[in-house]
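Report on the structure given below.
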Amino acid sequence: MKFKSPLEIYKILPKTNCRQCDFATCMAFSAAVFKAQKRLADCAHLDKSKIGRYEENLGAQSSIERLREDSLKDLKEKISKIDLLSRAESMGAESNGQNGKITIKCLGKEFEIDAEGNLTSQCHTHVWFAIPLFNYILFGAGIDPAGEWVPFRELKDGASWNGLFEQRCEKPLKKIADDCPELFESLINIFSGTRAANPNIPSNIKADVSVILLPFPKLPILICYWRPEDGLESELHLFFDRTAERNLNIENIFALGTGLASMLEKIILKHT
Ligand code: SF4
């Protein structure tokens with residue numbers, strides 16, 4: 001088993017919030033373990049017989065973290081070599097008039113990127129988010145959305161990633177929506193989501209809840225949720241504009257979706 005999120009680490013902890021690891025809660029401790037800042041063995045009450053097996057998984061995980069950090073470093077270097085201001089306009093960002101910095105709105109929040117590739121925002125920035133953002137700025141074609149929604153698997157190259165996308169993005173998001181539907185809707189509001197107007201949605205994807213998020217200015221995501229009914233399970237699917245892969249490659253669209261799901265899981269854990 002490989003940990004995909006702090007939530008999975010949290011599940012194996014005693015959940016007593018005893019503070020003996022110097023963290024106020026087991027959840028905060030699990031986030032630190034996920035980021036390789038702490039070891040499972042630092043929990044005073046975890047069954048020691050399990051630690052060896054789980055630490056092995058975390059070893060593999062921290063090398064993934066290192067790969068991500070290396071990739072981010074490489075992208076920052078590429079940003080420092082381009083004319084950032086000229087890319088800004090075509091990708092829906094703006095010059096903010098300060099030393100070549102640009103401002104880009106992502107999920108309703110403003111992010112700034114300077115000419116050296118440093119990313120800053122009032123909200124906490126994550127590697128999972130920075131990598132797709134830099135790829136969007138560097139390699140996006142700047143195509144305006146066509147207004148035609150397609151599922152992930154119908155994007156060019158989407159079919160080969162679709163199984164993993166369902167497992168790591170749509171299933172966790174469905175669980176969030178099932179467990180706390182009202183919270184899910186309010187979380188969407190935090191990220192400036194807009195309710196999708198039904199006339200713009202084809203009848204085959206009309207759902208009980210349809211919300212559009214704008215992770216990047218030219219990359220909208222439509223989240224559709226069907227509540228459970230008459231013994232049928234609920235469903236949740238993400239749809240993308242037909243042009244999505246012109247502005248961001250499939251690998252980074254995948255990273256964006258899975259990162260979003262994992263961020264929402266963390267936010268929910270903090271509030272429950
Ligand atoms: S020592 Fe273990 S049980 Fe206590 S707060 Fe930390 S993680 Fe939770």
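Remember, it's 1-based here, ligands and their atoms both numbered in the order they're listed. Only a predicted model underlies this, so the values are computations on that prediction, with no experimental measurement involved.
In terms of protein heavy-atom proximity, atom 4 (Fe) of ligand 1 is closest to C18 SG, 2.3 Å. In terms of protein heavy-atom proximity, atom 7 (S) of ligand 1 is closest to F29 CD2, 3.5 Å. Looking at atom 3 (S) of ligand 1, its nearest protein heavy atom turns out to be T16 OG1, 3.3 Å.
Close approach of ligand 1 to N17 is summarised as follows: ligand atoms under 4.0 Å from at least one heavy atom of the residue are 5 (S). Within the listing of ligand 1, atoms 1 (S) sit less than 4.0 angstrom from a heavy atom of A44.
When distances to atom 2 (Fe) of ligand 1 are checked against a cut-off of 2.8 Å, C43 contributes an N, O or S atom below that limit.
With contacts defined as side-chain heavy-atom distances shorter than 4.5 Å, the pair L236/S234 does not qualify. For the pair P215 and Y136, the minimum side-chain heavy-atom distance is 4.5 Å or more. Annotation: side chain of F165 is in contact with side chain of L238 (closest heavy-atom distance under 4.5 Å).
Here R19 has backbone heavy atoms under 4.0 Å from ligand 1, and that is the only part of it that gets that close.
For an aromatic pair to be called close, the ring centres must be under 6.0 Å apart, and F129 with F134 fails this.
Remark: side-chain polar atoms of D42 are not paired, donor with acceptor, to backbone N or O of C21 under 3.5 angstrom.
Between F29 and F23, the ring planes are perpendicular. Angles over 60° get that label, and only those under 30° would be called parallel.
Considering C21, S30, C26 only, the shortest heavy-atom separation from atom 1 (S) of ligand 1 involves C21.
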